[in-house]
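Single-structure report; data block below.
The chains referred to below are lettered A, B, ... by the order of the sequence lines, with proteins before strands, and numbering in each begins at 1.
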Amino acid sequence: MFEAEKQQVEEKILQILRDKGIQDVKLTWGWIPFNGAWGIAAPFFPVAAQEARQGKNVQVPIRAQELAEEVARTLGTPAGFERVEAIKGYLNLYFSSREYAQRVIDQVLKEGSAFGKGTRLNQQVMVEFSQPNTHKAFHVGHLRSAILGDSISRILEFAGYDVIRANYPGDIGLHVIKWLWNYMKFHAGEKPPADATTRWMGDLYAEANRRLEENPELESEVRALYARWDKRDPEIVQLWEETREWSLQGFREMYKILDIHFDIYYFNSMVEHPGKEVVEELIQKGIARDERPEGPVIVKLDELLGLNEEKYRVLVILRSDNTALYATEDLALAKRKFSDYPNLHRSYYVVDVRQSLHFQQVFKTLELAGYEWATRCQHIPYELVNLPGNVVMASREGTVVLLEDLIREATSRALQVVEEKNPELTPEQKQQVAQAVGIGAIKYPMLARENTKIVTFDWQTALDFNGQAAPYIQYAHVRASSILRKGGGIPTEAAINYAMMPSELQLIDLISRFPKEVQRAASELKPLHIANAAYELAKTFSDFYNECPVLTAEEPIRNGRLRLVAATRQAIANALGLLGIHAPEVM
RNA sequence: GCCCCUGUAGCUCAAUGGACAGAGCACCUGCCUUCUAAGCAGUUGGCUGAGAGUUCGAAUCUCUCCAGGGGCGCCA
């Protein structure tokens, strides 16, 4: 937007500077801090500093202001701009408000749900996220990877990538065997209750741990069961498949409610044996050292890389008893991904920060093994969701908030508010609104902060629908929708030839920045930027709502504002969409 | 011992190296015969953990400390 004008002006400015004998300068453009109007700004400090470095006796801030003033004088008022000023060493170019507003609104309404979308890059990326364990509870701590990964996927897709969403459930391992042992011995033939499958699965797992703690001698039974699994005893395999499906069914239901989907499922059990093959290969290539049976199979990364200080340390890739570890499977999984999708431009892993070293080790090991794609693997770390007092959520400790409880609480609380605020809605509408608001309220706090910051979960904050939260943004969308309904839809066109109020200008400014925010969020892999953009839009729309009557305004203001409302509504909807949050029409 | 992350208002968090560091929550005061009050306006609140350095300019980059959290050869 206004790129052409900007480039023309830049060329003129550089020419003016050249005429003054100032060569080789580069202008850096930013936005003028909002002060009632808006435009672009370039600081002249670097130019003045360059002169100073070349031996000229100048005080940089003063000289910068001088230069800006001189340029402003010579430049006049270029096409596409309304006003030029030199202030505090900056050259500020104010856009022609009407022209700019017109362009922004026209563009948004023309592009609709595609507004802000990047051009297609024809680059395939995979995002692996939400690695839930079957036969265990699904708690709020597991939610961040799911929500973050989903949003990152949406953002990358919108930014122009072809995204493959991968899930990697932990469907095998000691936890599963313990569960099976408990089930076979104490719950044989039972089925999970239809409405609380995941909770029941989690309860049985906790029960298994309890029993084993109370009677450690029973561990031998678990080990025996593991051995039967290893030999693929049909009875065990069949039970495993059946019970695993119960968990997966529960997960699917939660993903559906959360509006999260996957293109492919890689199961832990799929890469157990391939992992062992990779280990053999690494041994043969001389990368891994086989210390069996006294020790495990290890990769001495720092030694292989000739590093003097410890960086990658040592990676254990197979236990001394030949059983697979997490690392064993991750080696095979990475390989599998690139064999399924050879053209992957990037392979992202949305996994908590505690596994940073682990992923560095795995990727480096694969790189040493000669897999050129290993450098295309990237871990996206995020911090945990803790309980107040920095208590980590752990199913074994019983310090968990189950996702299903949170969803139920949030939606019922939202339903309560809808009943209060909008009793005339149909029951179906109320339910839909409650779901949108409840889920939005859950997702937003996990996205509206740096990935590397801990989220502290507490019920009060989670169920607070006021202020900087998803419902506030949704509410702005609802109000905009309401105005458009009552105003008879979106006028097909409207010339802006009236003086706009500050909030109108600021709205247009925010809307016009959205495409850049999308690109930024995509390149930094941070939904935070979108969350901020959405909130800013909603906040400014609230200002507008109070400052500028729409329906009662005279023409042509009425039509102009209706189109601005429509454009804002679209921008908010697009932003919320990238966060995986619904934008309701009523609430 | 080595490595990573975090430190900004009472609390939770923002801030492409740029103009007076901004929101929300909480507290207090107002505003529903005008488009949904899940809202708005106003009041209060800061030596950006400390110190140096780089820069015209640092919450942001570098270094040294301090505090908290996390990770470091057979857990996932």
Side-chain angles (χ1 to χ4, degrees), chain A residues 28 30-33 35 41 43-50 52-53 58-64 87-90 92 131 133 170 173-175 268 291-292 295-300 309-311 313-321 323 325-327 329 351-358 360-361 381 383-384 386 390 414 417-418 420-422 437 445 448-450 452-456 458 460-461 464-469 471-472 474-476 478-487 516 520 528-529 531-532 535-536 539 542-543 545-553 561 565 586-587:
Chain A
T28 53
W31 290 292
I32 302 170
N35 60 358
F44 274 73
F45 302 107
V47 184
Q50 181 178 314
R53 272 195 299 277
V58 294
Q59 275 199 296
V60 171
I62 296 170
R63 179 62 178 155
I87 185 167
K88 291 176 184 171
Y90 288 85
N92 290 343
Q131 303 83 351
N133 282 323
L174 190 57
H175 74 278
N268 202 314
E291 297 183 340
R292 286 172 296 178
V297 181
I298 58 173
V299 180
K300 297 188 128 182
E309 67 255 10
E310 8 178 37
K311 180 166 184 195
R313 298 165 179 275
V314 175
L315 178 64
V316 177
I317 57 174
L318 195 67
R319 287 198 189 89
S320 48
D321 66 358
T323 55
L325 290 126
Y326 192 45
E329 290 149 355
V351 182
D352 81 73
V353 67
R354 292 178 299 186
Q355 295 181 38
S356 288
L357 177 61
H358 164 81
Q360 279 189 53
Q361 292 176 322
E383 262 293 357
L384 302 182
N386 286 348
N390 228 8
V417 182
V418 189
E420 222 173 88
K421 305 279 177 189
N422 232 335
V437 169
R449 57 174 33 26
E450 286 286 350
T452 50
K453 277 198 172 151
I454 294 172
V455 173
T456 302
D458 72 273
Q460 206 188 331
T461 312
D464 187 357
F465 297 156
N466 299 316
Q468 191 163 2
Y472 176 88
Q474 292 169 317
Y475 187 58
V478 164
R479 280 173 147 185
S481 303
S482 174
I483 291 176
L484 292 172
R485 268 197 310 275
K486 292 189 173 162
K516 279 203 178 82
R520 189 176 165 210
L528 161 69
H529 298 308
N532 281 345
Y535 176 70
E536 292 287 320
K539 179 150 186 57
S542 290
D543 291 342
Y545 188 89
N546 287 290
E547 187 176 63
C548 306
V550 177
L551 301 179
T552 56
R561 285 188 178 160
V565 169
V586 290
M587 68 187 266

Exercise. Can we say Arg319(A) and Asp321(A) salt-bridge, meaning some charged N sits less than 4.0 Å from an Asp/Glu carboxylate O?
Worked result: no
For this session: Could you tell me whether G73(B) is syn or anti, where syn means a glycosidic angle within 90 degrees of zero?
Result: syn
For this session: Provide the distance between the two P atoms, one in A19(B) and one in U60(B), to the nearest whole Å.
Result: 13 Å
Nucleotide N/O to protein N/O under 3.5 Å, stretch nucleotides 29-31 of chain B:
none

For this session: Quickly work out the Glu450(A) CD to C4(B) P distance and round it to whole Å.
Result: 18 Å
Exercise. What does Val418(A) touch in the nucleic acid at a heavy-atom separation under 4.0 angstrom: a base, only the sugar-phosphate, or nothing?
Worked result: base
Exercise. Who pairs with Phe45(A) by ring-ring contact (aromatic ring centres under 6.0 Å, His included), at least two apart in sequence or on another chain?
Worked result: Tyr90(A)
Seminar exercise, completed: CG of Asp352(A) to CD of Gln131(A), rounded to nearest 0.5 Å, is 9.0 Å
Exercise. From the list A23(B), A19(B), A37(B), which nucleotide is the closest neighbour of the side chain of Ala41(A)?
Worked result: A19(B)
For this session: Can you tell me, in whole Å, how much space there is between the C1' of A26(B) and that of G69(B)?
Result: 26 Å
Exercise. Which nucleotide in the set A15(B), A19(B), U12(B) lies at the smallest distance from any side-chain heavy atom of Arg449(A)?
Worked result: U12(B)
Exercise. Is a donor-acceptor pair below 3.5 Å formed from side chain Asp543(A) to base A41(B), judging by atom type as modelled?
Worked result: no
For this session: When you get a sec, tell me which of G24(B), U36(B), U6(B) is the closest nucleotide to the side chain of Ser482(A)?
Result: U36(B)
Problem set entry | Side-chain N or O of Ser542(A) closer than 4.0 Å to phosphate OP1/OP2 of C40(B) | yes
Problem set entry | Backbone of Val297(A) reached by a side-chain donor or acceptor of Arg292(A) within 3.5 Å | no
Problem set entry | Candidate nucleotides C25(B), C35(B), C20(B), ranked by approach to the side chain of Lys88(A) - the nearest | C20(B)
For this session: Kindly give the heavy-atom pair with the smallest separation between Met587(A) and Asn422(A), and that separation in Å.
Result: O-ND2, 2.7 Å
Problem set entry | Value in whole Å for how far the C1' atom of A23(B) lies from OH of Tyr472(A) | 10 Å
For this session: Kindly write out the residues that satisfy ring-ring contact (aromatic ring centres under 6.0 Å, His included) with Tyr535(A), not counting sequence neighbours, or none if the list is empty.
Result: Tyr472(A)
Exercise. Using a cut-off of 4.0 Å on non-hydrogen atoms, how would the nucleic acid contact of Ala52(A) be classed: base, sugar-phosphate, or nothing?
Worked result: nothing
Problem set entry | Protein-nucleotide distance (Asn466(A), atom CG; C40(B), atom C1'), rounded to Å | 13 Å
For this session: State the syn/anti category of C32(B) according to its glycosidic angle, syn meaning within 90° of 0.
Result: syn
Exercise. Is Phe465(A) touching bases, backbone alone, or none of the nucleic acid, heavy atoms closer than 4.0 Å?
Worked result: base
Problem set entry | Footprint string (nucleotides 53-65 of chain B, 5' to 3'): B base within contact, S backbone only, - free, heavy atoms under 4.0 Å | ---B---------
Exercise. Counting any heavy atom closer than 4.0 Å, what does Val299(A) reach on the DNA or RNA strands: base, sugar-phosphate only, or nothing?
Worked result: nothing
Exercise. What string of B, S and - do you get for nucleotides 70-76 of chain B, 5' to 3', when a contact is any protein heavy atom under 4.0 Å?
Worked result: SBBBBSB
Exercise. Touch check for Val565(A), heavy atoms < 4.0 angstrom, all strands: base, sugar-phosphate only, or nothing?
Worked result: nothing
Exercise. With sugar-phosphate meaning primed atoms plus P, OP1 and OP2, does Tyr545(A) contact a base, only sugar-phosphate, or nothing at under 4.0 Å between heavy atoms?
Worked result: base
Seminar exercise, completed: Listing for RNA chain B: consecutive Watson-Crick or G-U pair runs of at least 3, distance cutoff 3.5 Å, ranges ordered by first number, gives B:1-7 with B:66-72, B:10-13 with B:22-25, B:28-31 with B:39-42, B:49-53 with B:61-65
Exercise. To the nearest Å, how far apart are Arg520(A) CZ and U16(B) C1'?
Worked result: 5 Å
Seminar exercise, completed: Taken to the nearest whole Å, NZ/Lys453(A) to P/U6(B) is 8 Å
